[in-house]
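Computed from a prediction, not measured in an experiment: that's the story for all the values here. We number each residue from 1, following the sequence as shown.
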Amino acid sequence: MDYEKKFMRKAIALSVENIKKGGGPFGAVIVKDGKIIATGVNRVTANTDPTAHAEVNAIRKAAKRLGTFDLAGCEIYTSCEPCPMCLGAVYWAHLDKMYYGNTKNDARDIGFDDSFIYDEIDLNPEHRRVETTQLLPDEAIIAFQAWVNTEDKIEY
């Protein structure tokens, strides 16, 4: 458990350092075979990118460094329990394990409240805050049919 604490302390240190650099209080570290392969911090405001969360940035760097979208065999250490977007990214990246420091309730208490997104996910599209309308499904399905019929596709 000592090596896990070391990596979590690195994620926490990144979150603290990032505040001094004009970013949000979030840091993440991705580890493979006991070695840090990527780090990320929250750069939403600095990069004017709403997806530039620490976990997403770390996942992007790790995937690039390893040359794969499949990060099985890796662990992520994040200074805070991930938001819905980042949690989705953790699953899509196939990370083996996740450790976090602060909880989503701790984040809510300092103004980072993601609960509305969790609530929205559970709603039928017609009841969500963002007006949602399905359009041209008969045309859109063509891409899915092509995908199903592609023999040399790389599934993920």
message = Side-chain heavy atoms nearer than 4.5 Å, only ILVMFWY residues, links allowed to pass through others: does that put Val90 and Tyr118 together?
response = yes

ask   = Does Asp49 offer a backbone N or O that forms a donor-acceptor pair with the side chain of Asn47 under 3.5 Å?
value = no

task = May I ask whether Met98 and Phe7 are part of the same hydrophobic cluster, defined by side-chain heavy atoms of I, L, V, M, F, W, Y residues being less than 4.5 angstrom apart, directly or through others?
result = no

Hphob cluster co-occupancy, Leu123 + Ile121, side-chain heavy atoms under 4.5 angstrom = no

ask   = Taking atom types as modelled and ignoring hydrogens, do the side chains of Thr103 and Asp106 form a donor-acceptor contact shorter than 3.5 angstrom?
value = yes

query = Is the closest side-chain donor-acceptor distance between Asp70 and Thr68 under 3.5 Å?
reply = no

message = Ring centres under 6.0 Å, that's the criterion: do Phe26 and Phe112 meet it?
response = yes

inquiry  = Can you confirm whether more than 12 heavy atoms, excluding those of Arg9, are under 6.0 Å from its CZ atom?
reply    = no

ask   = Would you find more than 12 non-hydrogen atoms of other residues, nucleotides or ligands less than 6.0 Å from Lys20 atom NZ?
value = no

query = Should Leu66 and Ile37 count as side-chain neighbours, where that means a heavy-atom distance under 4.5 Å?
reply = yes

ask   = Shortest non-hydrogen contact from Asp114 to Pro84?
value = CB-CD, 3.8 Å

message = More than 12 heavy atoms of other residues, nucleotides or ligands under 6.0 Å from CD1 of Ile141: yes or no?
response = yes

inquiry  = Atom OH of residue position Tyr91 - does it have more than 12 heavy atoms of other residues, nucleotides or ligands inside 6.0 Å?
reply    = no

key: Heavy-atom neighbours of Glu131 CD exceed 12 at 6.0 Å   = no

